[in-house]
Each structure stands twice: as C-alpha cells, then as structure tokens.
Amino acid sequence: MAVLKTTQVQLNTYQDISLMATSYAPDTTPTATILYLHGGGLEFGQRDDLPTAYLEKFTAAGIQLFTFDYLLAPEVKIDTILPVLRESIQVMLDKTPHATRVILMGRSAGSYLAYLLLRDGFTADGFVDLYGYSGLDYPEFRMPAEFYDSFPKVLPMNAQALIQRQPLVAGEMKDRYPLYVSGRQFGTWLSQFLPSMRDVAAYSLTPDDLGRLPRTLMIHSTNDPDVPFATSEYAVKYLPEATLLPIAHHEHDFDREATPESLAIYDQIVTFITAIPVGVRASA
C-alpha cells in the first residue's frame, strides 16, 4: 500500500485548548468525505484511533477522511462538548468547500455525538453508526452495569481524583478508562457528562428526530457487553433508510484491530458510502 497522505489541521480553540483534525486524503480527487468521531465513553480516546488498514481502504476507494478532536468529560459537560465540536466541523468544512458526499461516521460515543449533531441540524448525505446509541434512557446506562463488576472496583472518590483541572481533547486509556469503569460500576456515568440527570431526554433522540436522519448503516455486536444491541434495534425502527448489520460477537469494539472479519465489514462500509448519490443531504 502507498504511504497515507496525512495533514494535521488546526480548527478552533476552547479556553487555551486547540482542537485539531487529521486529514487522510486519497491520491485522486475525493469522491466522498467522512467526518469521523472516535469512541471512549466521552471520557477517553483520541481522534486517530482507526487502524491503518481501514484508512487505506477508504483512501483507496477515493474517500477522504477527517478525524476530529472533541472535548472530553467530565472536565466539561455535553452542553459544551457538542457546540464546540459543531464549530470544529464547520471550520473544517469551510476549509474544504467542494466536499461531496459528506458522511458522518462514529464509533460508540462518537456515534452518539453524531446522532445529536444530525438531530440539531447538521446536514449529511449518510451516517455510519458503529455500535453507537441515539439515546440515554437504558437501564444499562442508568444502573450499575453487570459487565463491569468483573473489573477491579474504582470507587467514586478515586475516580474524582483523576479529573483534570484543564479541559482535555485526548485521554490515554490507562489514565482515563478508570473514570468510565467507575461510572458504569456505580451507575454514575450519565452524571459525568450531563449537566443534570434531568437532561436525559434533552440529549436523546425521539422517533420523530430519528425519522429526519439520512440513510444510515448500523453495525453492532449482538452480544455487546457495553452498549446494548437494543440501542440499534430501537433506532433502526425509526430511521427512514437504514440497514442494521448484526455481528455475532461478544466484544463491544469488535473492530479494535484489523482482522479478516473486520476488514470485510469495512469493505461493506465503503460500498455503502460509494453507493450514496452525490448531493443528497439530510433535512435540517
């Protein structure tokens, strides 16, 4: 494979924090543009987390991909994360005015942010949702999650000590994952990023909201221990043009590493994107 053409792009700032994007460009004029949001429970992760083999599949198909920073919780809440991210994306699109076939793509919490962006008026030609969720009103999110009982306990007071004084846009798993684990063990995860627990509905999509989204490809493990498969089963009922690809797997992020199985799934993502007509956008 050819060396990936990458460019680091400075976007906007929040306080003294610069938010960046990485551009992965094909050798030819792009035929589609992916705006990618990483996962990490809104609390950890970083923008350039896709294995190189996936990036090469996109660029070989003539698809340009932009990966975005976004502010992490709990240092800031989602009522700040979302508008700052929206501004970041707009700055990037202003720098690429001729982008065609704009596709939002997210993994897990990144998909959740994409759902909110689309609900709030961002227009896209398509959406790729990898094991994400369109709402928060699930018992698995509100109550202690059984899966995380097998992890060493991270007491809330110990998790509190991990919170930084300054906002972050990237967090190493070894440093930040305990925050997420604690939230899931004690049923406090939602409170770590919502302004108030009264805001669950405000940051969840209704059936009518889902009915206004663009054509969507959803991919989710049927035995996902972290984000229940039911989140995708719910959304696909109301999305106007969606395909749900169930994966017989027991891992949440089954595509963490490039394998023959995951590479075949990314082939399907490429096929989905290249089949979208140019200039068909979601309604605002």
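Small disclaimer: the values here were computed from a predicted structure and weren't measured.
Ring orientation note: the planes of Y180 and Y148 are nearly perpendicular, at an angle over 60° on the 30°/60° scale. Under the 30°/60° scheme for interplanar angles, the aromatic rings of F44 and Y177 are found to stand perpendicular. Ring geometry for H220 against H252 counts as perpendicular: the plane angle is over 60°, on a 0 to 90° scale with 30° as the lower cut.
Between the CG atom in D27 and the OG1 atom in T59 there is a gap of 7.5 Å [rounded to 0.5 Å]. The structure places CE of M218 at 8.5 Å from CZ of F229, a figure rounded to the nearest 0.5 Å. Here the OG1-CG distance, from T243 to D129, works out to 12.0 Å after rounding to the nearest 0.5 Å. To the nearest 0.5 angstrom, L50 atom CG is 5.5 Å from M105 atom CE. Note that the CG atom of L85 and the CG atom of L19 stand 8.5 Å from one another [nearest 0.5 Å]. From L263, atom CG reaches atom CD of E257 across 11.5 Å, with rounding to the nearest 0.5 Å.
Cluster membership for Y112 and L118, using ILVMFWY side-chain heavy atoms within less than 4.5 angstrom, is shared. Residue F186 is not grouped with residue F141 when hydrophobic side chains (ILVMFWY) are merged at heavy-atom distances under 4.5 angstrom, including chains of intermediate members. Hydrophobic clustering (side-chain heavy atoms under 4.5 Å, transitive across Ile, Leu, Val, Met, Phe, Trp, Tyr) groups Y138 together with F147. L42 and L179 fall into different hydrophobic clusters, where Ile, Leu, Val, Met, Phe, Trp and Tyr are joined by side-chain heavy atoms under 4.5 Å apart, directly or via other members.
Residues V128 and I34 fail the side-chain proximity criterion, which asks for heavy atoms closer than 4.5 Å. Side-chain contact between F272 and R215 is present, with at least one heavy-atom pair separated by less than 4.5 Å. With contacts defined as side-chain heavy-atom distances shorter than 4.5 Å, the pair R184/E140 qualifies. Within the 4.5 Å cutoff, side-chain heavy atoms of Y115 are placed close to those of F127. Using a 4.5 Å heavy-atom threshold, the side chains of L82 and D120 count as touching. With a 4.5 Å cut-off on side-chain heavy atoms, I265 and D255 do not count as touching. Side-chain contact check for V227 versus S108: some heavy-atom pair is nearer than 4.5 Å. The shortest side-chain heavy-atom distance between T22 and Y36 does not fall under the 4.5 Å cut-off.
Contact between S88 and F68 at its shortest, heavy atoms only, is O-CE2, 3.9 Å. Of all the heavy atoms in V236 and A242, the pair that sits closest is CG2-CB, 4.0 Å. Of all heavy-atom pairs spanning T188 and S182, the tightest one is OG1-O, 4.1 Å. Counting all heavy atoms, side chain and backbone alike, Q8 lies closest to M20 at CB-CE, 4.2 Å. Contact record, L72 with G45: CD1-O, 4.4 Å, taken as the closest heavy-atom pair. Residues Y54 and S262 share a closest heavy-atom pair of OH-OG, 2.8 Å.
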Could you walk me through whether F58 and Y266 pass the side-chain contact (heavy atoms from CB on, under 4.5 Å) test, one step at a time? CA-CA 9 Å; F58 291 133; Y266 274 73; 3.8 Å; yes
Is there a side-chain contact (heavy atoms from CB on, under 4.5 Å) between L93 and F66? Walk through the geometry before answering. CA-CA 10 Å; L93 291 176; F66 298 122; 5.7 Å; no
Before giving the answer on salt bridge (Lys or Arg N to Asp or Glu O under 4.0 Å), spell out for D49 and R256 the whole-Å C-alpha distance, their side-chain angles and the decisive distance to 0.1 Å. CA-CA 9 Å; D49 67 347; R256 185 187 316 125; over 6 Å; no
Apply side-chain contact (heavy atoms from CB on, under 4.5 Å) to residues L239 and L244 and explain how you reach the verdict. CA-CA 10 Å; L239 289 163; L244 172 56; over 6 Å; no
Verdict with supporting geometry, L35 and L117, side-chain contact (heavy atoms from CB on, under 4.5 Å): CA-CA 12 Å; L35 311 177; L117 289 167; over 6 Å; no
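Taking the charged nitrogens against the carboxylate oxygens, D125 and R101 have no contact shorter than 4.0 Å, which rules out a salt bridge.
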With a cut-off of 3.5 Å and sequence neighbours excluded, list every side-chain donor-acceptor pair involving residues 195-204.
| from | atom 1 | to | atom 2 | distance (Å) |
| --- | --- | --- | --- | --- |
| S196 | OG | R198 | N | 3.0 |
| D199 | OD2 | S196 | N | 3.1 |
| S204 | OG | L136 | N | 3.0 |
| S204 | OG | V200 | O | 2.7 |

Ignoring hydrogens and angles, write down the donor-acceptor pairs under 3.5 Å from the side chains of residues 151-172, residues two or more places apart or on other chains.
| from | atom 1 | to | atom 2 | distance (Å) |
| --- | --- | --- | --- | --- |
| Q164 | NE2 | L162 | O | 3.0 |

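Put simply, the side chain of Y70 gets close to the backbone of H38: a donor and an acceptor are under 3.5 Å apart. K5 places no side-chain N or O within donor-acceptor distance of the main-chain N or O of S23, the cut-off being under 3.5 Å.
Using modelled atom types, one finds no donor on one side chain facing an acceptor on the other under 3.5 Å when comparing Y131 with D226. With no hydrogens or angles considered, no side-chain donor-acceptor pair links S221 and E251 at under 3.5 Å.
In the displayed structure, D16 atom CG is contacted under 6.0 Å by at most 12 heavy atoms of other residues, nucleotides or ligands.
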